[in-house]
Enquirer: 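One structure follows; several queries about it will come next.
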Amino acid sequence: MSYFKNKKGLLGSLYAIILIGYIISQLPFLNADADLIMATGSRGSWTDEGLNTCQIRNFVNHGHFNLLDSDNFLKTPFFSLFLFPFFKLFGISMLRARLITVLFCAILLLMFFIRKITLFIGVVFVVTTMMLFPIHQYSHLCLAEMYSSILIVVSALVYSFYFRENRYLPLVLLFALLSLSVLFKIQFIYVLAIPLLIKMADYILDRSIANRNQLIAACIILICVVFGIVFILYMPFKEAWLQIAKQQSGTFSLETITVDLIWENLKLNFLSKRYLMFTVFFVFSFFIAIKHIVSKQHPKEYLTLLVVSVSWIIVELHKLGFTYLPIRYLISFYLSMGFLMSVVMGYYLSQAKFIHRSIAISCLLAMFLMNSYFYKQAFFSRSYTVQKMNSYFQKLTSEKDVVIGPWAPSFTWETKCFSYPIWANFLGDRDIIKYYRPDFIVSEYNQKDSGFAYKKNDINLDDLCDSLTQAKVAFWKVNVYLVKKQIR
């Protein structure tokens, strides 16, 4: 019998307070740059907020939309469509966009209220995982990764809530929410394998006719969903997808996977001091989860959540073989680890046994202290270079101006000018100057951000432009050029 059997109201109040605290903790970062730690191997935490939103911003500001202006709408279709009404109604700014992300996460975290056991899980999840340094950082950045990842958490909760009925509705809802996660960012298509793994595990543990039928249904639905995505999102836009494929940075190949590569990824992203305690608690929880699943002596809802969370972790494991693994690729991986740990520790927290509650509370307090320490570090190391560059462009540009370059969308949130990212592999046969007719060009001094797009097109920026200023954003020196009038 649960120790807190008659205290759901008190538990709900505690979770509400924790959730409010989580929201408040995000507010000091809404105008700040991403933390320098996020720069590991990628400038994405600084550039991608602009890149992910530039097409929908151009549409809101000017009614202009072209799939080939950037690769981001196709890769994040529902993300752009989701932001559109907010940008249209409340205007466009970096602060508003980030606030939308914070509120989106907070509202979906309310799903933990659906049952008493999920409230315990929610308390652990917010304290240990949502406050984990990279998750906390991405929870206020306007990037699709967090939207897709938090939808996977919600899909697990919804599936466990309806699973008692033992009909096809839970499976359909699980696929629906995971498909929504994929539509927020197409790279999450691998999560569609989660329901299949769940049903395979169910059938292995209990070879009943009902479980066999569920497994067959999962296979059929998966095939239908994948074919739907191919025929609706790929075939009509094949040309644009081929352009996108030319510039992808994340790679996964069986030929490149080595023990050394996996070990390096583990050391950097899971065993360094910032993640070690989190990883240790996860490993401990993982073995407990496997033991509980095999024993089948625990509540059905709890076991269901364990199977879902283990399945989620399994589909994330392929990322350990990536030769390029920036933190944004790991957001869903960290969330899957934290969710499993929260399911186990939340269950222990709900039990009357002193040893179970002691383990859960110890985990909770240790992670709270660690997360608080790194939160304090991030708070006192805030910088505001991107905000300053937005203020700079707000004074410098007019509504009709065109600003190009991978950094351009991130520097022009507060303006209504056109902004277009530029990459050498995405340009095709387009002449940069004649096609875009830019008024301003934003480029790193060595042009690495654009894949040397200007050099490859025999464009000398010093001849075409007057250099206005240089900003150092994290580790990157970014130049702002004014294109000479006779060139425009």
Side-chain angles (χ1 to χ4, degrees), residues 18 22 35 37-38 40 120-139 149 152-153 156 259-295 298 302-303 305-322 325-327 329-351 353-378:
I18 291 172
Y22 160 76
D35 194 275
I37 301 297
M38 306 296 286
T40 306
F120 284 107
I121 295 169
V123 168
V124 179
F125 186 70
V126 175
V127 173
T128 64
T129 306
M130 294 304 293
M131 291 300 294
L132 187 72
F133 173 78
I135 304 299
H136 189 271
Q137 285 279 309
Y138 267 79
S139 295
S149 300
I152 303 172
V153 174
V259 174
D260 289 339
L261 173 63
I262 294 172
W263 177 240
E264 286 301 315
N265 283 334
L266 284 171
K267 281 198 301 183
L268 179 64
N269 300 299
F270 300 94
L271 301 177
S272 61
K273 67 176 183 179
R274 199 171 287 269
Y275 308 110
L276 182 58
M277 183 185 295
F278 179 75
T279 302
V280 168
F281 281 129
F282 159 72
V283 172
F284 177 68
S285 301
F286 180 81
F287 284 111
I288 293 174
I290 298 301
K291 179 178 180 293
H292 288 178
I293 291 171
V294 173
S295 70
H298 298 273
Y302 167 63
L303 292 176
L305 285 168
L306 287 182
V307 172
V308 175
S309 53
V310 170
S311 300
W312 183 7
I313 288 162
I314 289 172
V315 300
E316 295 286 346
L317 289 175
H318 72 284
K319 294 177 181 177
L320 295 177
F322 279 17
L325 190 59
I327 289 178
Y329 288 8
L330 291 166
I331 294 304
S332 57
F333 205 146
Y334 292 138
L335 279 174
S336 70
M337 294 167 63
F339 186 66
L340 182 139
M341 180 173 65
S342 301
V343 171
V344 173
M345 294 303 163
Y347 178 69
Y348 272 14
L349 194 62
S350 72
Q351 300 304 295
K353 287 186 178 180
F354 175 78
I355 185 65
H356 287 165
R357 283 186 279 120
S358 297
I359 292 171
I361 291 171
S362 297
C363 169
L364 204 60
L365 289 177
M367 286 299 301
F368 173 76
L369 291 173
M370 187 194 78
N371 288 338
S372 297
Y373 172 76
F374 288 119
Y375 178 89
K376 181 182 176 182
Q377 275 192 349

Enquirer: Can you name the salt bridge (charged side-chain N to carboxylate O under 4.0 Å, His left out) partners of Lys273, sequence neighbours left out?
Expert: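 Lys273 satisfies salt bridge (charged side-chain N to carboxylate O under 4.0 Å, His left out) with no residue once adjacent residues are dropped.
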Enquirer: Between Leu335 and Phe125, is any pair of side-chain heavy atoms under 4.5 Å apart?
Expert: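 Leu335 reaches Phe125 side chain to side chain.
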Enquirer: Quick check: closest heavy atoms across Ala360 and Tyr348, and the distance to 0.1 Å?
Expert: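 Closest approach of Ala360 to Tyr348: CB-CB, 4.0 Å.
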Enquirer: Going through the checks in order, is the side-chain contact (heavy atoms from CB on, under 4.5 Å) test met by Trp312 and Val153?
Expert: CA-CA 10 Å; Trp312 183 7; Val153 174; 3.7 Å; yes
Enquirer: Output yes when a side-chain donor or acceptor of Ser309 lies under 3.5 Å from a complementary backbone atom of Leu306, and no otherwise.
Expert: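 Yes, because the side chain of Ser309 sits within donor-acceptor range (under 3.5 Å) of the backbone of Leu306.
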Enquirer: What's the separation between atom OG in Ser332 and atom CD1 in Ile313, rounded to the nearest 0.5 Å?
Expert: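 If we round to the nearest 0.5 Å, Ser332:OG and Ile313:CD1 are 11.5 Å apart.
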Enquirer: Where the side chain of Asn371 meets the backbone of Val127, is there a donor-acceptor pair that is under 3.5 Å apart?
Expert: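 Indeed, once roles are kept as given, a pair shorter than 3.5 Å links the two residues.
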Enquirer: Run through Ile121, Leu364, Ile359, Ile361 and flag the one making a side-chain contact (heavy atoms from CB on, under 4.5 Å) with Met345.
Expert: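 Passing option: Ile359.
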Enquirer: Could you give the side-chain donor-acceptor pairs of residues 281-293 under 3.5 Å, partners two or more places apart or in another chain?
Expert:
residue	atom	partner	partner atom	Å
Ser285	OG	Phe281	O	2.8
His292	ND1	Tyr302	OH	2.7

Enquirer: Between Glu316 (side chain only) and Ser336 (backbone N and O only), is there a donor and an acceptor less than 3.5 Å apart?
Expert: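 Not confirmed, Glu316 side chain does not pair with Ser336 backbone.
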Enquirer: Which atom names give the shortest non-hydrogen contact between Ala156 and Val308, and what distance separates them?
Expert: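 Taking Ala156 first and Val308 second, the nearest heavy atoms are CB-CG1, 3.5 Å.
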Enquirer: Testing the basics here: between Met277 and Ala366, what is the closest heavy-atom pair and its distance to 0.1 Å?
Expert: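 Looking at all heavy atoms of both residues, the shortest contact is SD-O, 3.5 Å.
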Enquirer: Nearest 0.5 Å, what's the OH-CZ distance between Tyr275 and Phe133?
Expert: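 Rounded to the nearest 0.5 Å, the OH-CZ separation comes out at 6.5 Å.
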Enquirer: Which residue, Asn269, Leu317, Val315, forms the side-chain contact (heavy atoms from CB on, under 4.5 Å) with Phe333?
Expert: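 Of all the options given, the one that passes is Leu317.
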Enquirer: How long is the straight-line distance from CG of Asn265 back to NZ of Lys319, given to the nearest 0.5 Å?
Expert: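 Lys319 NZ to Asn265 CG: 12.0 Å, rounded to 0.5 Å.
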Enquirer: When you measure from the side chain of Thr279 to the backbone N and O of Phe270, does any donor-acceptor pair fall under 3.5 Å?
Expert: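 Yes; at least one donor-acceptor contact below 3.5 Å.
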Enquirer: Can you list the steps and then say if Met367 with Thr129 is a side-chain contact (heavy atoms from CB on, under 4.5 Å)?
Expert: CA-CA 9 Å; Met367 286 299 301; Thr129 306; over 6 Å; no
Enquirer: Using the benzene-type ring in the case of Trp, are the ring centres of His136 and Phe374 under 6.0 Å apart?
Expert: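 For His136 and Phe374, the ring centres are not under 6.0 Å apart.
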Enquirer: Quick one: do the Ser149 and Tyr138 side chains pair a donor with an acceptor below 3.5 Å?
Expert: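 On atom types as modelled, these side chains do not qualify, holding no pair under 3.5 Å.
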Enquirer: Nearest 0.5 angstrom please: Leu268 CG to Ile327 CD1, how far?
Expert: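 Taking CG in Leu268 and CD1 in Ile327, the distance rounds to 8.0 Å.
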Enquirer: From Leu261 CG over to Leu266 CG, what is the distance, rounded to the nearest 0.5 angstrom?
Expert: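 Rounded to the nearest 0.5 Å, the CG-CG separation comes to 9.5 Å.
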Enquirer: For Met370 and Arg274, which heavy atoms make the closest approach, and how far apart are they?
Expert: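 Looks like CE-O, 3.9 Å.
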Enquirer: Measuring from Ile18:CD1 to Met131:CE, what's the distance to the nearest 0.5 Å?
Expert: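 It comes to 11.0 Å.
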